[in-house]
Amino acid sequence: MIQKHYVTTPTGIALKFQGIIDLPELYRQMKLWLEDKGYAKGETIEKSYVEKMKPGGKQIEIRWECGKNVSDYFKYKVNVLFILLGVSEVEVTQDGVKRKLYNGNFQVYIIGYVEEGSKEWESLGPFVRLYHNLIARRRIEDHKHELYNKIYSFQDFIRKFLEVRT
């Protein structure tokens, strides 16, 4: 049986920002961070993109799903949910150069969990329960701690980006 051991709440840790940001650059930098840490490998991590026009501006919801196999039995999963409300394009002059930036209410939720087991392991029958009880149960906390540190490092990276670029 595949089990999820959350290192965040199931709804994730939230980063909220209201103002003007370089959204494409934030998106690119976040994706590069995940690729650099081995959670995304060139394939698309974007699982959904929904954009709606509202009277106060665009409403955009983007979902990312990515992960990293740390063994045949354990996987680290990182999901990111962007909720962008009242988004509009603005033209800003920075250092004498006109740039298109985005103004609105930005929310980023980062969800992290350690996935234990797999379909291949389930096919081994009673051996899996023995492995879980004798070995894996002790390792779960170590894996949760490692992923927890990575998730909060990712959050700090995003915070620093927003402070520098806004």
Side-chain angles (χ1 to χ4, degrees), residues 1-54 56-90 92 94 99-119 139-166:
M1 177 166 84
I2 298 173
Q3 295 181 344
K4 294 179 182 179
H5 302 278
Y6 283 91
V7 299
T8 64
T9 64
T11 55
I13 55 174
L15 278 159
K16 297 180 180 182
F17 178 79
Q18 187 166 358
I20 298 173
I21 66 170
D22 186 344
L23 185 59
E25 184 63 15
L26 172 64
Y27 192 96
R28 189 178 80 75
Q29 290 294 325
M30 288 174 63
K31 188 170 188 252
L32 285 172
W33 190 97
L34 290 166
E35 288 173 348
D36 184 51
K37 305 299 184 223
Y39 293 93
K41 294 178 182 149
E43 72 272 1
T44 181
I45 59 176
E46 188 175 283
K47 298 303 174 189
S48 70
Y49 179 97
V50 177
E51 184 176 313
K52 298 177 184 174
M53 287 302 297
K54 299 283 184 174
K58 290 181 188 176
Q59 179 178 325
I60 303 169
E61 184 177 302
I62 305 167
R63 273 186 202 284
W64 287 359
E65 293 178 6
C66 52
K68 177 180 188 176
N69 294 342
V70 290
S71 72
D72 289 341
Y73 194 72
F74 292 106
K75 295 178 180 90
Y76 295 170
K77 297 291 188 168
V78 178
N79 297 335
V80 180
L81 172 63
F82 298 85
I83 298 177
L84 316 171
L85 304 169
V87 176
S88 60
E89 287 185 16
V90 293
V92 175
Q94 289 181 331
R99 301 179 58 204
K100 270 192 203 177
L101 300 179
Y102 293 83
N103 186 29
N105 183 348
F106 304 92
Q107 301 170 24
V108 178
Y109 296 89
I110 305 166
I111 303 154
Y113 60 92
V114 176
E115 191 174 271
E116 175 190 5
S118 67
K119 291 178 183 173
R139 293 184 180 168
I140 290 170
E141 290 307 312
D142 292 338
H143 286 296
K144 285 174 63 177
H145 181 71
E146 185 176 330
L147 182 58
Y148 176 90
N149 288 337
K150 289 291 184 196
I151 294 289
Y152 281 91
S153 173
F154 187 42
Q155 181 190 36
D156 288 342
F157 173 80
I158 297 166
R159 270 201 184 115
K160 287 177 185 168
F161 178 90
L162 290 173
E163 288 172 8
V164 169
R165 304 276 191 309
T166 57

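This chain uses plain numbering: 1 for the first residue, then up along the sequence.
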Exercise. Going from CZ on F82 to OG on S48, what distance comes out if it is rounded to the nearest 0.5 angstrom?
Worked result: 11.0 Å
Problem set entry | Minimum heavy-atom distance A40-I45, with the two atoms named | CB-CG2, 3.4 Å
For this session: Taking all non-hydrogen atoms of both residues into account, name the closest pair between C66 and N79 and its distance.
Result: N-OD1, 3.9 Å
Under 3.5 Å, sequence neighbours excluded: what are the donor-acceptor pairs made by side chains of residues 99-109?
from, atom 1, to, atom 2, distance (Å)
R99, NH1, Q94, OE1, 2.5
R99, NH2, D22, OD2, 2.3
Q107, OE1, Y109, OH, 2.8

Problem set entry | Main-chain N/O of G112 paired with T8 side-chain donor or acceptor, under 3.5 Å | yes
Exercise. Crowded around Y148 OH? As in, over 12 foreign heavy atoms under 6.0 Å?
Worked result: no
Problem set entry | Close side-chain approach of I62 and I60, heavy atoms under 4.5 Å | yes
For this session: Hey, could you give me the CG/CG distance between L15 and L26, rounded to the nearest 0.5 Å?
Result: 9.5 Å
Exercise. By salt bridge (charged side-chain N to carboxylate O under 4.0 Å, His left out), which residues pair with K77, not counting sequence neighbours?
Worked result: none
For this session: Could you tell me which non-hydrogen atom of K31 sits nearest to which non-hydrogen atom of W64, and how far apart they are?
Result: N-CH2, 3.8 Å
Problem set entry | side chain to side chain contact (heavy atoms under 4.5 Å, CB included) assessment of E116 paired with F74 | CA-CA 5 Å; E116 175 190 5; F74 292 106; 4.0 Å; yes
Exercise. With a 4.0 Å cut-off, would you call E163 and R159 a salt bridge?
Worked result: no
Exercise. Taking the inter-plane angle between the rings of F154 and F157 on a 0 to 90° scale, is it parallel (under 30°), tilted (30 to 60°) or perpendicular (over 60°)?
Worked result: parallel
For this session: Measure the OH-NZ distance between Y113 and K4 for me, rounded to the nearest 0.5 Å.
Result: 4.0 Å
Exercise. Side chain to side chain donor-acceptor pair (under 3.5 Å) with T11: which residues, sequence neighbours excluded?
Worked result: T9
Exercise. CG/L162 to NZ/K16 distance, rounded to the nearest 0.5 angstrom?
Worked result: 14.0 Å
Exercise. Considering only heavy atoms from C-beta outward, does the side chain of E61 approach that of L81 to under 4.5 Å?
Worked result: yes
Problem set entry | Non-neighbouring partners of K54 that pass side-chain contact (heavy atoms from CB on, under 4.5 Å), sequence neighbours left out | K52, Q59
Exercise. Do the side chains of L147 and H143 get nearer than 4.5 Å, heavy atoms only?
Worked result: no
Problem set entry | Non-neighbouring partners of K37 that pass side-chain contact (heavy atoms from CB on, under 4.5 Å), sequence neighbours left out | W33, Y39, K150
Exercise. So, do I110 and Y152 sit near enough that their side-chain heavy atoms are less than 4.5 Å apart?
Worked result: no
Exercise. Do the side chains of Q155 and I151 get nearer than 4.5 Å, heavy atoms only?
Worked result: no
Seminar exercise, completed: Applying salt bridge (charged side-chain N to carboxylate O under 4.0 Å, His left out) to E46 and not counting sequence neighbours gives none
Exercise. Taking all atoms of both residues into account, what is the closest heavy-atom pair of V80 and M30, and its distance?
Worked result: CG1-CE, 3.9 Å
Seminar exercise, completed: Residues at least two apart in sequence or cross-chain that pass salt bridge (charged side-chain N to carboxylate O under 4.0 Å, His left out) with K144, listed by chain then number, are E141
For this session: Supply the atom-to-atom distance E35 CD to K41 NZ, rounded to the nearest 0.5 angstrom.
Result: 11.0 Å
